[in-house]
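Note that ligands are numbered from 1 as they come in the structure, with each ligand's atoms numbered from 1 the same way.
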Amino acid sequence: MNVLVIGGGGREHAVCHTLKKSKKTDKLCCIPGNAGIAKIAATKQLSVFDFDGIYEYVKEQNIDLVFVTPDDPLAKGMVDYFTERGIKAFGPTASAARLESSKAFAKRFMNKYGIPTAQSIIFSSPDEIRDYVETAKFPLVLKADGLALGKGVLICETKDDALRGIDELMVSKAFGDAGNTVLVEEFLRGREVTVMAFCDGEHIKLMPSSQDHKRAFDGDKGLNTGGMGAFAPSPYFTTDLEAEFLEKIALPTVRGLKSEGIVYKGVIYFGLMITADGLKVIEYNSRLGDPETEAVLPLLETDFVDIIEACLDGRLDKLDIKWRDKTGFCVVVASGGYPEHVVKGYEISIGDLEGVTLFHAGTAVKDGKLVTSGGRVFELTGVADDIESARKLVYGQIDKIKFKDCRYRSDIGRV
Ligand code: AMP
Ligand code: GLY
């Protein structure tokens, strides 16, 4: 089977790496890819929004399956586009991807189907929301309804923070139309854990749980980033919590989607908070998480293409998906100013890495040299018996990666 992966980050490198190992993959292609992906797949520099251009490439390369990884092309209907043209595409349709692309849709959905989540009120006028925050309890959370590069969530400690946030989201429209509708949400306290799952429209199969570290600096200091490292499974997601999750969250989600007439085929990402009142959904994503995927996929034993085909054919219940009973662990090596002021184009040198896998995120080749081309540059990943040995393994190798101002968090997995 000839497979095309859409996207070009560390998550997509992990997806390509896993697909490459499949007995069923003949040819592997990626748009746009990065310098690491280019070593294992044919890459092509096209925008992920150029559906017609990608379709030309699909015909040229005899692609049988398109794996759509990032949120934006999913929300814009790439899976619908290829399916209508008779090409198999893995991922939710635009309608199904609203679980992520509209936080108001997701919230109404959870409330309708009794899925535990933070209480919230949905506003589409700045005046109404300003009136509301006058008497609200703090902290509270403001969330832009639409996709906002992961930055549309503002945690407000005071009324002034909230008023500034309302201006940013709804008046100066920092995230464009994503802020036309804004949710005001109760602030949840607890520990965050991620569970990703495969779904075939009818059945759901969980991947190992995981945790990511979103803040830029050690000790959870600094700005929120796309994620600075991750590990799987999470020691906090116990078998009791898993049972609660299945009964109260995962199965009602699948049943709810079906009742709405939505056939969800792809990955559902559940961002969860373990609160004193039980598990609650913070957010759904309609795709694999980044960097969680780089920690989770190295644990997969079953052929990845078999899982994708079972999802597309609606027979996930018949497939026994096997995972290694180990810990997957990854640390992001980032550009100096990430996430605010990223300087790109620095030359990279990599020593002999032993016992680890290096996923490229923001890398490119310029004048024959490997250079940085993004905020998150690499995810260095290792698999070991437990978190502590995985930490030792990855941190023991990480300084072999060198470029100007490179940095990483040194406390990934210290939970
Ligand atoms: P989201 O984009 O919805 O995942 O939000 C980004 C991050 O903001 C989450 O990973 C949480 O750390 C935090 N967050 C979002 N909603 C809440 C909430 N209701 N209470 C506490 N923290 C939240
Ligand atoms: N790691 C969070 C996300 O992928 O949205």
Side-chain angles (χ1 to χ4, degrees), residues 7 9-12 14-15 69-72 74-75 97 99-107 110-111 116-122 136-157 161-162 165 169 175 178-179 182-196 207 209-216 220-232 234 267-277 279-297 330-332 339 359 361 375-376 379 409 412:
R11 171 184 58 188
E12 286 77 5
V15 167
T69 328
D71 53 1
D72 264 330
L74 287 167
L99 273 192
E100 174 170 9
S101 65
S102 169
K103 290 193 191 286
F105 172 85
K107 194 56 80 171
M110 286 186 270
N111 289 339
T117 182
Q119 284 179 11
S120 83
I121 309 180
I122 301 172
K137 268 205 286 187
F138 287 87
L140 56 70
V141 185
L142 296 180
K143 292 192 175 183
D145 173 46
L147 294 178
L149 302 167
K151 293 179 188 159
V153 174
L154 306 177
I155 299 188
C156 305
E157 300 288 342
D161 291 346
L169 297 176
F175 305 106
V182 168
L183 284 71
V184 178
E185 197 163 288
E186 160 202 13
F187 179 78
L188 296 176
R189 284 172 211 279
R191 195 174 286 277
E192 277 187 71
V193 56
T194 298
V195 181
M196 301 186 283
M207 302 182 207
S209 62
S210 50
Q211 277 179 240
D212 76 350
H213 298 250
K214 290 202 166 86
R215 299 298 192 102
D220 283 335
K221 302 259 166 36
L223 291 174
N224 257 331
T225 68
M228 295 299 289
F231 57 92
S234 159
V267 170
I268 308 182
Y269 170 118
F270 298 86
L272 305 171
M273 189 77 90
I274 306 171
T275 74
D277 307 328
L279 275 181
K280 296 198 178 175
V281 177
I282 303 174
E283 62 162 349
Y284 289 113
N285 290 330
S286 58
R287 53 167 174 87
L288 287 163
D290 195 349
E292 290 95 328
T293 301
E294 293 90 311
V296 170
L297 279 186
C330 93
V331 179
V332 171
F359 294 126
R376 289 191 289 180
E379 278 94 34
R409 270 183 67 162
I412 303 301

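How far CD of Q211 is from CD1 of I412: 11.0 Å, rounded to the nearest 0.5 Å. Between the CD1 atom in I121 and the CG atom in L183 there is a gap of 10.0 Å [rounded to 0.5 Å]. Separation of atoms OG1 (T194) and CE (M207) is listed at 11.5 Å; rounding is to 0.5 Å.
Between K214 and E192, at least one side-chain nitrogen of the basic residue sits less than 4.0 Å from a carboxylate oxygen of the acidic one, meeting the salt-bridge criterion. With salt bridges taken as basic N to acidic carboxylate O contacts below 4.0 Å, none links E283 and K143. Salt bridge R287/D72: absent, no basic N to carboxylate O contact under 4.0 Å.
Near G289, the atoms of ligand 2 lying under 4.0 angstrom from a non-hydrogen atom of the residue are 4 (O). Atoms of ligand 2 found under 4.0 Å from any heavy atom of E292 (numbered from 1 in listed order, with element): 1 (N), 2 (C). Distances below 4.0 Å separate heavy atoms of K214 from the following atoms of ligand 1: 10 (O). Close approach of ligand 1 to K143 (heavy-atom distance below 4.0 Å) involves ligand atoms 3 (O), 15 (C), 16 (N). Near N285, meaning under 4.0 Å from any of its heavy atoms, are these atoms of ligand 2: 3 (C), 5 (O). Distances below 4.0 Å separate heavy atoms of E185 from the following atoms of ligand 1: 16 (N), 18 (C), 19 (N). Within ligand 1, counting atoms from 1 as listed, the ones closer than 4.0 Å to a heavy atom of F187 are 20 (N), 21 (C). Less than 4.0 angstrom separates some heavy atom of E186 from each of these atoms of ligand 1: 18 (C), 19 (N), 20 (N).
Residue D212 places at least one N or O, backbone or side chain, under 3.5 Å from an N or O of ligand 2. Polar contact with ligand 1: absent for N224 (N/O pair, distance under 3.5 Å).
The residue among I282, T117, L272, L140 with a heavy atom at the shortest distance from atom 17 (C) of ligand 1 is I282. Checking V184, D212, V153, I155 against atom 2 (O) of ligand 1, the nearest heavy atom belongs to V153.
Among protein heavy atoms, the minimum distance from atom 11 (C) of ligand 1 is reached at E192 OE2, 3.2 Å. Given atom 1 (P) of ligand 1, the protein heavy atom at minimum distance is E283 OE1, 3.4 Å. Of all protein heavy atoms, the one closest to atom 2 (C) of ligand 2 is Y269 OH, 3.4 Å.
Counting only distance, with no hydrogens or angles, the side chain of T117 and the backbone of V281 share a donor-acceptor pair below 3.5 Å. When atom types are taken as modelled, the side chain of N285 and the backbone of Y269 share no donor-acceptor pair closer than 3.5 angstrom.
Residue contacts with ligand 2: R287 is included, with a non-hydrogen atom under 4.0 Å away. The shortest separation from a heavy atom of R189 to ligand 1 is not under 4.0 Å, leaving the residue out of contact.
Counting heavy atoms closer than 4.0 Å to ligand 1, residue L188 contributes atoms from both its backbone and its side chain.
When every heavy atom of I155 is checked against every heavy atom of F187, the shortest pair comes out as CG2-CE1, 3.7 Å. The shortest non-hydrogen separation linking V193 to S234 is CG2-CB, 3.7 Å. The nearest pair of heavy atoms linking E100 to S286 is OE1-N, 2.8 Å.
Ring centroid separation for the pair Y284 and F270 comes in under the 6.0 Å cut-off.
Under the 4.0 Å distance rule, the nearest protein heavy atom to atom 7 (C) of ligand 1 falls outside the cut-off.
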